[in-house]
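These numbers come from the heavy atoms of this one structure, side chains and all, not from hydrogens, waters or symmetry mates. In what follows, chains carry the letters A, B, and so on, assigned in the order in which the sequence lines appear, proteins first and then strands, with residues in each chain numbered from 1.
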Protein chains: 2
Amino acid sequence: MAGDDEEPVGADALDRLVWALRRAELAVQALKEQRLRPLGMMAAHYTLLMTVHAEPGLTGAELARRLNVTPQAVASLVARLEKREQLERRAHPRHGHVQELHLTDAGRTALRAADEAIAGIERQISGELSTPEAAQLRALLDRVAESARRA
Amino acid sequence: MAGDDEEPVGADALDRLVWALRRAELAVQALKEQRLRPLGMMAAHYTLLMTVHAEPGLTGAELARRLNVTPQAVASLVARLEKREQLERRAHPRHGHVQELHLTDAGRTALRAADEAIAGIERQISGELSTPEAAQLRALLDRVAESARRA
DNA sequence: TCATTGATATCAAGCGCTTGATAGTAGCCA
DNA sequence: TGGCTACTATCAAGCGCTTGATATCAATGA
């Protein structure tokens, strides 16, 4: 055809699913940081605390895989949260070298406050969607995530 | 109630929309990096080139707002892409101090190759969804993004 | 005409994350 | 029992991004 190479890339590139996904996540992430800042917590800290809360006793390496970052990055975050007394490292019962991560009471308190802010964002966003729409969006996102991870 | 404070945060925190959104974006982003690496391009470069392609003549500051990063970060990326001859800075017709950004032919070629990889990811992901599902997901994501940005 | 305002670009310093490399420990198997 | 392998944790160096501050220039208003 004559028009095949008029455009170096498809004009619909910005209408793609992956682009819409990025835009949405970027906007939500910015909102998270904004709401979490007054609480003296960063989104990365919230994510880490929430992950450890969901799976207590997680090791640093395992946590790094969950968060898609390197073990060193996790160690840096853990060190800071440990200094704030929000997280503690305990020796693994079998592996003396390995350290399990657990939330402290202060960590749970901080997490609860942060989660209140995140829940507010969730309410606001899902409030503009009908209940079935929200459920379907969640289901579709899960399928997208699994599809990308399986690739 | 007795069980109100047994859990510091709602047990459904991981079932939230914002969490599913993050998981999906993280997985897709990792896939992008993986597919773009063999082409010697990073996801950030692709995003920048695509944005400039969509709006030629964009200034650095304007571009920074589009990408949700600081002007300095953009300047760093631009300098690198300029060194690769994929991007060029031209003086603004009215504002001598301001510089417009334009893609070079090499930039368009590189963008086309990169976009091929991204399009492959798009096909793979949307291939696991029905056509109406993909359309609805895109529409819902746009509403989420606008809702978060408006907050 | 000239000062002020607003926006751009750029420099400098600090911090967080990544890649690469090293040390320690449990599990497996000959 | 001894050695190999796999996994964990940590150190060191480099790079990219952020915050903060500075210089330049167009546009506005007195």
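- Atoms CG (A:L67) and C1' (C:dG16) sit 15 Å apart, rounded to a whole Å.
- Residues satisfying the salt bridge (charged side-chain N to carboxylate O under 4.0 Å, His left out) criterion with B:R89, sequence neighbours excluded, are B:E82.
- Protein atom CD of A:E62 is 11 Å distant from nucleotide atom C1' of D:dC7, rounded to whole Å.
- Atom CZ in A:R90 sits about 15 Å away from atom P in D:dA9, given to the nearest Å.
- Among residues two or more places apart in sequence or in another chain, the side chain to side chain contact (heavy atoms under 4.5 Å, CB included) test is passed with A:T131 by none.
- Partners of A:R90 according to the side chain to side chain contact (heavy atoms under 4.5 Å, CB included) rule, which considers only residues two or more places apart in sequence or in another chain, are A:E88, A:H102.
- Here D:dG16 presents its P atom at 9 Å from CG of B:L77, a figure rounded to the nearest Å.
- Straight-line distance from the NE2 atom of A:H45 to the C1' atom of C:dC15: 12 Å, rounded to whole Å.
- Nearest-nucleotide positions on DNA chain C place B:T59 closer to the 5' end than the other of B:T59 and A:S76.
- Rounded to whole angstrom, the span from the CD atom of B:Q99 across to the P atom of D:dT24 amounts to 15 Å.
- Atoms CD (A:E33) and P (C:dG16) sit 13 Å apart, rounded to a whole Å.
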Please write out the pairs of protein N or O atoms and N or O atoms of nucleotides 18-23 of chain D separated by less than 3.5 Å, giving the distance to one decimal.
from   : atom 1 : to    : atom 2 : distance (Å)
D:dT18 : OP2    : B:T70 : N      : 3.2
D:dT18 : OP2    : B:T70 : OG1    : 2.6
D:dT19 : O4     : B:Q72 : NE2    : 3.3
D:dG20 : O6     : B:Q72 : NE2    : 2.3

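- The side chain of B:R89 contributes an N or O atom lying less than 4.0 Å from OP1 or OP2 of C:dT10.
- The residues A:R66 and A:E62 are annotated as salt-bridged, a charged nitrogen and a carboxylate oxygen being separated by less than 4.0 angstrom.
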Show me the donor-acceptor pairs within less than 3.5 Å that the side chains of residues 38-48 of chain B make with the rest of the protein, sequence neighbours left out.
from  : atom 1 : to     : atom 2 : distance (Å)
B:Y46 : OH     : B:D115 : OD1    : 2.8
B:T47 : OG1    : B:A43  : O      : 2.9

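- Residue pairs meeting the ring-ring contact (aromatic ring centres under 6.0 Å, His included) criterion with at least one partner in residues 66-94 of chain A, sequence neighbours excluded, are A:H92-A:H95.
- For the pair A:R80 and C:dG16, the criterion of a side-chain N or O lying under 4.0 Å from OP1 or OP2 is met.
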